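Here's the structure, in structure tokens; my notes come after.
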Amino acid sequence: MSTERKRKVSLFDVVDDTSASAKLSRMNGGAGGNGVVSGVNRWNGRPYSQTYYEIFEKRRTLPVWQQKDEFLQVLKNNQTLILVGETGSGKTTQIPQFVLEAVDIETPDKRKKMMIACTQPRRVAAMSVSRRVAEEMDVTIGEEVGYSIRFEDCSSAKTVLKYLTDGMLLREAMTDPLLERYKVIILDEAHERTLATDVLFGLLKEVLKNRPDLKLVVMSATLEAEKFQAYFNGAPLMKVPGRLHPVEIFYTQEPERDYLEAAIRTVVQIHLCEPQGDILVFLTGEEEIEDACRKINKEIGNLGDQVGPVKVVPLYSTLPPAMQQKIFDPPPPPLDELGPPGRKIVVSTNIAETSLTIDGIVYVIDPGFAKQKVYNPRVRVESLLVSPISKASAHQRSGRAGRTQPGKCFRLYTEKSFSNDLQPQTYPEILRSNLANTVLTLKKLGIDDLVHFDFMDPPAPETLMRALEVLNYLGALDDEGNLTKLGEIMSEFPLDPQMSKMLVVSPEFNCSNEILSVSAMLSEARVSSATASSGFYATSGGMNHRKLLRLMQVVAVSQFSLMKKWEAQKAADEAKARFSHIDGDHLTLLNVYHAYKQNSEDPQWCYENFVNQRALKAADNVRQQLVRIMSRFNLKLCSTDFNSRDYYINIRKAMLAGYFMQVAHLERTGHYLTVKDNQVVHLHPSNCLDHKPEWVIYNEYVLTSRNFIRTVTDIRGEWLVDIAPHYYDLTNFPSCEAKRVLERLYKKREKEREDSKNRK
DNA sequence: GAGCACTGC
């Protein structure tokens, strides 16, 4: 063996020379006499540099329960307190209980107690943590300790400690601007910097000035502590230690050209050379994950029964829950008693970074990428881009290896690139999003001066301008930027402003019942995934067997797999034809919803018609919530007679009243241009139209292999000048084909008016 | 004729 090769190989080895790297070096040095060895040679192309790095904070700080007295003292003397601690510190369950013991929540009105609020970014967390705390305190959930999330309020007059999502607290602030029912507010997982958390930050800073009796505790992971401290005017900072095991971090010596290939190679290396323990691989999306799973199975399969058996499990959010559960299965047993141990290999998106925790993970492979949302205010488009993760995210990923025992994390990038290229934090969501909805919420909260609002990270002025502009066009804000009556009602809907607008005006078009259904279906579109027409699974082509399997969530997978691929295909096509509406996808969604209700939400019917029952159920839930809000504002629930020729026309007009800024025009060249922005776009192939309409409204603009508009419906040019003349004001319109068409339409309308005047 | 990271109200 050459010294050169030996040196490189030994870099992989940090434990001792008998395990991983010893085997590796033997294999590298070996002549490749059998399949196993040559297989390894191929995968073991590049060596690793290694650093040893402890995630586990040395016990400089006392565990949370030993700092109780100090915590309460600091809280007593300060209005705001920042508490930092890694996962497993127990702060989420302990701190609220300390507060509860020490803080006086009695009010002059003996019947009314004040509450302590503890926010979480996710519903499941709010629910599960509150349950755990209720158990620890030996009370019934929903009584002294409760939770409140969308669609479920599990709290009562007795509740003194309430867990809720950050979005829910923000909603409450809309009706209770000083949050007067709370004595202490604890913002947990603040480092995640969700949109709602960021808005709450600025809002609470104001509220604290007006409510000297209110206390705020900001709980976060360590990395941004100083920034938080500076933002909250130098509030005291306390630390509690986490309880993670040490994790060794390895870097590659050279950058990897192909991270997918490198990730698979590393999986095989670990499987061959490392002791027992499951592997977690972070990749960016569904397709990539499914591809990687196939390749890992194949590569390890090629190694024969010299190596332990593996169970490769994909994990991403659109995977049906039953299949997500597989991540909790135990690893496969060894093939024979003395054989090498089996291993579970989870290949996951970022969902495993924060939302889902898998025990038994000892090895983490981090290629350093994730899909991230970016917003381009110039063309008003949000898109997903594969981009490098932040240091904070890399840290979080490696921590996943040390939950149950000491672990290892393999970063598929160089140490230099970690320190020089990765930004310290992921840009907070508020800097990466379309803020139309957020601005509407802020206005409703009484924040008039957005420019001087104390954002921890102020969004780009252009993004705010775009949001104000959209809200002004929708009539939610007047020309001075003040919330209108209409805007006030719109802000109450948990929907994007365009959708709220179409809902609020739908009674004027005599079709609010139908618009409610369309809105609910559109807002639950993500549940069904894979087709633009949410709620049902049919596509006319390209759908493979695996995907159909995944989509059929309501039935036993085994039953479905008996169906031959072409049979499934044919059935899917027929199902699609059954619901399809030639005027557009929105109307197709409506048809699906109606059919679902007409068939009494029958699971068997859903199965036979390729309808995603889970998505429909969720949409129905949303619809009920929207109906309640409509009733609160006395908005009429009405429908045009189904046999009237205006039935669908009214629905399409109402949709246009909200979505008049998302219109595309078919040019003579045969492609579509979005109005005003003049972006070349294509109808997404999933659309159900049988023709190319001159004008369409679209629900989404997506940038993938091309610029697509997805979920489209045919509308008439005349309606543009009738329904949204303020937006289609030609004095302020870029010169283009659409403009010339509109000019003719305006002239036509003018002539019609004159004619009717003359007739009188 | 293509494909959606993750949340939340």
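Labels below follow one simple rule: chain letters A, B, ... track the order of the sequence lines, proteins then strands, and each chain is numbered from 1. Quick caveat, the model's predicted, so the values are computed rather than measured.
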Original post:
Looking at B:dC4, B:dG1, B:dT7, which one has an atom nearest to any side-chain atom of A:Ser317?
Top reply: B:dT7

**OP:** Give a yes/no on whether any side-chain N or O of A:Thr165 is located under 4.0 angstrom from OP1 or OP2 of B:dC9.
**Re:** yes

**OP:** On DNA chain B, check which nucleotide each of A:Val124 and A:Arg432 is closest to and give me the residue with the more 5' one.
**Re:** A:Arg432

Original post:
Is the closest basic N to carboxylate O distance between A:Lys373 and A:Glu429 below 4.0 Å?
Top reply: yes

Original post:
Hey, is the side chain of A:Thr194 poking within less than 4.0 Å of OP1 or OP2 on B:dG8, counting only N and O atoms?
Top reply: no

Original post:
Would you say the side-chain atoms of A:Ser517 and A:Arg623 include a donor-acceptor pair closer than 3.5 Å?
Top reply: yes

Subject >> Rounded distance in Å - CG (A:Asp153) to P (B:dC9) >> reply: 12 Å

**OP:** Can you tell me the distance, in whole Å, between the CZ atom of A:Arg706 and the P atom of B:dG1?
**Re:** 8 Å

Original post:
Counting only heavy atoms not in A:Phe455, do more than 12 fall under 6.0 Å of its CZ?
Top reply: yes

**OP:** With sequence neighbours excluded, give me every salt bridge (charged side-chain N to carboxylate O under 4.0 Å, His left out) pair touching residues 487-504 of chain A.
**Re:** A:Lys444-A:Glu492, A:Glu492-A:Arg632

Original post:
Counting any heavy atom closer than 4.0 Å, what does A:Phe708 reach on the DNA or RNA strands: base, sugar-phosphate only, or nothing?
Top reply: sugar-phosphate

Original post:
Using a cut-off of less than 4.0 Å, is there contact between a side-chain N or O of A:Arg193 and OP1 or OP2 of B:dT7?
Top reply: no

Subject >> Euclidean distance, atom CD of residue A:Gln396 to atom C1' of B:dC6 [Å, nearest integer] >> reply: 13 Å

Original post:
Which is true for A:Ile149 with a 4.0 Å heavy-atom rule: it touches a base, it touches only sugar-phosphate, or it touches nothing?
Top reply: sugar-phosphate

Original post:
Taking the nucleotide of DNA chain B with the closest heavy atom to each, which residue, A:Gln625 or A:Lys371, is nearer the 5' end?
Top reply: A:Lys371

Original post:
What integer distance in Å separates A:Phe151:CZ from B:dC9:P?
Top reply: 8 Å

**OP:** Please tell me which of the listed nucleotides, B:dA5, B:dG8, B:dC9, lies nearest to the side chain of A:Glu286?
**Re:** B:dA5

Subject >> A:His684 side chain, from C-beta outward: closest of B:dC9, B:dG3, B:dG1 >> reply: B:dG3

Subject >> Length of the line joining A:Tyr375:OH and B:dC6:C1', which is rounded to integer Å >> reply: 20 Å

Original post:
If you check the A:Pro685 side chain, which of B:dC6, B:dG8, B:dA2 turns out closest?
Top reply: B:dA2

Original post:
Which part of the nucleic acid, if any, lies within reach of A:Arg171 when heavy atoms closer than 4.0 Å are counted: base, sugar-phosphate only, or nothing?
Top reply: base

Original post:
Is atom NZ of A:Lys326 surrounded by more than 12 heavy atoms (other residues, nucleotides or ligands) closer than 6.0 Å?
Top reply: no

Original post:
Within this structure, what is the CZ-to-C1' distance between A:Arg710 and B:dC4, rounded to whole angstrom?
Top reply: 6 Å

**OP:** In whole angstrom, give the distance that lies between atom OH of A:Tyr701 and atom P of B:dA2.
**Re:** 17 Å

**OP:** Mind calculating the distance between CZ (A:Arg397) and C1' (B:dC6) to the nearest angstrom?
**Re:** 12 Å

